[in-house]
Amino acid sequence: MGESANGTPVRPPPPESPLRNSKYSKVIVVDNFFSGTKDNLKRWMGHPHFEIIRHDVTETLLVEVDRIYHLACPASPIFYKHNPVKTIKTNVMGTLNMLGLAKRVGARILLTSTSEVYGDPLVHPQPEEYWGNVNPIGVRSCYDEGKRVAETLMFDYHRQHNISIRVARIFNTYGPRMNIDDGRVVSNFIAQALRGETMTVQAPGTQTRSFCYVSDMVEGLIKLMEGPVTGPINLGNPGEFTMLELAQAVQKLIKPSARWEIVDNTPDDPRQRKPDITKAKEILGWEPKISLAEGLPLMAAEFKQRLEISDKK
Ligand SMILES: NC(=O)c1ccc[n+]([C@@H]2O[C@H](COP(=O)([O-])OP(=O)(O)OC[C@H]3O[C@@H](n4cnc5c(N)ncnc54)[C@H](O)[C@@H]3O)[C@@H](O)[C@H]2O)c1
Ligand SMILES: O=C(O)[C@H]1O[C@H](OP(=O)(O)OP(=O)(O)OC[C@H]2O[C@@H](n3ccc(=O)[nH]c3=O)[C@H](O)[C@@H]2O)[C@H](O)[C@@H](O)[C@@H]1O
């Protein structure tokens, strides 16, 4: 345990904390808590180097910082489709405001873009050079096209105002402390199996995704932020699974009697997705370490605690 300037004992940051191995030792979290929760931040509250501001990034923010990790955006399809206009505003006005902040204070800014910029990809796996296959007027467009505009804004500010930027294209990331009713597939299947409900496999069930464990992703984001290139760089785990395979893995892990059913899907669901992470490996020296088989039990254990389900059968 170290000591702060005013003598208050300072807890060392946990291994997954951006504070570790970083010269940037104070963190200001900005969130409007639309899909996030303060519960996930409780262990940091009262820490002298930590601050939370309830704020919507579609409004101007005035703080003094060196690094901006711009993650604010509804990310689960059920959340972003709930208010598509707000989702676009968050991506466009929110990114403009964060870039304005970066310009004013001379900070470096990292955008968490998404594999959704590749849409329903016709190239597989997806390299960064692929321009994508995105429906501009569909129900997912507020998110997909919103992130594409956010990327454009990042590069225009970089070219026009010489802002230092980093763009990560994140592929499906999961882990402990996700909102139990987030609506994304890994949290849905784990929560459903634990609650004794039928897992909802959206048709056809043969669509694929590549799932990255959260601590791997955090390490990749920090390496990109402190690394030498702007990106865009794919960050994800190249292990590729169908949704039926994921349901089977959750069944095997949680309850052999767990069942699934095929339910209706929503339009424009990508049929396949797998990152080409050659650039992340070669330029950042990053690749994920935690396989789906290792990550699922870690998430299930934490979901069990929150759902207060004991191991007694
Ligand atoms: N998890 C993934 O699979 C994944 C994949 C690709 C990209 N991303 C991107 O990473 C970022 C984080 O995703 P996540 O999975 O942690 O989602 P999340 O929903 O858990 O977190 C998003 C956070 O942004 C906050 N937020 C939303 N709108 C805001 C606004 N207008 N102002 C301030 N805060 C706002 C939410 O309250 C929440 O805390 C998002 O930008 C998302 O698009 C995530
Ligand atoms: O990684 C990405 O780039 C994007 O991935 C996800 O989008 P999506 O892949 O649609 O995520 P899910 O909602 O978890 O769906 C994954 C697959 O599971 C299926 N699914 C989802 C939920 C469910 O209960 N059952 C089910 O079979 C969906 O049809 C889809 O094929 C995230 O929601 C986005 O924030 C993120 O940007």
Side-chain angles (χ1 to χ4, degrees), residues 29-41 52-59 61 69-81 83 86-95 97-98 110-121 126 140 143-144 146-147 150 167-175 177-179 181-192 197-214 217-218 221 234-237 241-247 250 260-275:
V29 170
V30 174
D31 201 308
N32 70 350
F33 299 109
F34 172 70
S35 57
T37 163
K38 272 192 197 161
D39 270 359
N40 286 342
L41 301 168
I52 304 180
I53 304 177
R54 180 187 283 269
H55 175 84
D56 190 313
V57 291
T58 60
E59 306 288 338
L61 176 69
Y69 285 86
H70 173 33
L71 284 88
C73 180
S76 161
I78 58 164
F79 278 95
Y80 66 68
K81 289 176 191 169
N83 189 343
K86 180 68 196 226
T87 303
I88 289 256
K89 273 183 155 175
T90 301
N91 277 315
V92 179
M93 293 163 65
T95 304
N97 283 332
M98 290 304 106
L110 181 150
L111 170 74
T112 50
S113 184
T114 166
S115 63
E116 296 269 324
V117 298
Y118 302 123
D120 188 7
Q126 294 80 53
R140 297 178 87 93
Y143 185 76
D144 303 8
K147 288 283 187 182
V167 175
R169 289 188 181 149
I170 298 180
F171 285 65
N172 298 64
T173 298
Y174 68 99
R177 298 202 287 274
M178 274 181 84
N179 181 342
D181 297 307
D182 177 272
R184 279 175 276 187
V185 70
V186 183
S187 48
N188 267 10
F189 286 2
I190 289 181
Q192 287 164 339
E197 296 166 4
T198 306
M199 288 183 273
T200 50
V201 177
Q202 293 174 353
T206 49
Q207 68 273 36
T208 65
R209 292 294 187 274
S210 302
F211 299 106
C212 186
Y213 191 70
V214 62
M217 182 56 58
V218 170
L221 291 174
N234 288 339
L235 294 178
N237 189 321
F241 300 87
T242 68
M243 296 311 104
L244 281 165
E245 285 169 340
L246 178 67
V250 172
W260 61 80
E261 60 176 339
I262 303 285
V263 299
D264 285 346
N265 205 338
T266 50
D268 301 332
D269 185 39
R271 280 163 290 186
Q272 53 180 359
R273 204 148 73 198
K274 171 185 163 101

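Counting starts at 1 for both ligands and their atoms, following the listed order. Start at 1 with the first residue, then count along the sequence.
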For N265, the ligand 2 atoms whose distance to one of its heavy atoms is below 4.0 Å: 29 (O)

For atom 27 (O) of ligand 2, the protein heavy atom that lies nearest, with its residue and separation: Q202 N, 2.7 Å

Gap between atom CZ of F79 and atom OG1 of T87 - 0.5 Å precision: 11.0 Å

Nitrogen or oxygen of Y80 less than 3.5 angstrom from that of ligand 2: no

Under 4.0 Å to a heavy atom of V201 - the qualifying atoms of ligand 2, by number: 27 (O)

Minimum-distance protein heavy atom relative to atom 31 (O) of ligand 2: D269 OD2, 2.6 Å

For ligand 2, the portion of F189 having any non-hydrogen atom under 4.0 Å away: side chain

Part of M243 within contact of ligand 2 (heavy atoms, under 4.0 Å): side chain

Proximity to ligand 2 by part of E116, non-hydrogen separation under 4.0 Å: both

Part of N188 with heavy atoms under 4.0 Å of ligand 2, whether side chain, backbone, both or neither: side chain

Residues lining ligand 1 [heavy-atom distance under 4.0 Å, listed by chain and residue number]: D31, N32, F33, F34, S35, G36, H55, D56, V57, L71, A72, C73, P74, A75, T90, T112, S113, T114, Y143, K147, I170, N172, T173, R184

Proximity to ligand 2 by part of R273, non-hydrogen separation under 4.0 Å: side chain

Closest approach of any protein heavy atom to atom 36 (C) of ligand 2, naming residue and atom: Y143 OH, 3.6 Å

Contact summary for R169 and V117, nearest pair of heavy atoms: NE-CG2, 3.5 Å

R140 bridged to E116 by N-O distance under 4.0 Å: yes

NZ/NE/NH1/NH2 to OD/OE distance under 4.0 Å, D56 and K86: yes

Over 12 foreign heavy atoms within 6.0 Å of NZ, K89: no

R209 contact mode with ligand 2 (heavy-atom cut-off under 4.0 Å): side chain

Nearest-0.5 Å distance, CZ of residue F34 to CG of residue N83: 6.5 Å

Step-by-step side-chain contact (heavy atoms from CB on, under 4.5 Å) determination, V57 to T90: CA-CA 7 Å; V57 291; T90 301; 4.0 Å; yes

Smallest separation among heavy atoms of T58 and M93, with atom names: O-CE, 3.9 Å

Ligand 2 atoms in contact with A75 (distance to a heavy atom under 4.0 Å): 32 (C), 33 (O), 34 (C), 35 (O)

Numbered atoms of ligand 2 (with element) below 4.0 Å of R140, judged on heavy atoms: 7 (O), 8 (P), 10 (O)

Protein residue, atom and distance nearest to atom 23 (C) of ligand 2, heavy-atom basis: T200 O, 3.3 Å

Distance-only side-chain donor-acceptor flag, Y80 / N91, under 3.5 Å: no

Test applied, side-chain contact (heavy atoms from CB on, under 4.5 Å); reference residue, R209; option that passes from K274, M243, Q272: M243

V185, portion touching ligand 2 at heavy-atom distance under 4.0 Å: both

For S115, atoms of ligand 2 separated by under 4.0 Å from a heavy atom: 1 (O), 2 (C), 3 (O)

Atoms of ligand 2, numbered as shown, that sit under 4.0 Å from any heavy atom of N172: 1 (O), 2 (C), 5 (O), 6 (C), 8 (P), 9 (O), 11 (O)

Distance filter under 4.0 Å to F171 heavy atoms, resulting ligand 2 atoms: 1 (O)

Atoms in ligand 2 flagged as close to I170, the criterion being non-hydrogen separation under 4.0 Å: 1 (O), 2 (C), 3 (O)

The single option from Q207, R273, R271 passing side-chain hydrogen bond (donor to acceptor under 3.5 Å, both in side chains) against D120: R271

Point-to-point distance, once rounded to the nearest 0.5 Å, from CG of N234 to OG of S113: 9.5 Å

Min N/O separation T114 to ligand 2 under 3.5 Å: yes

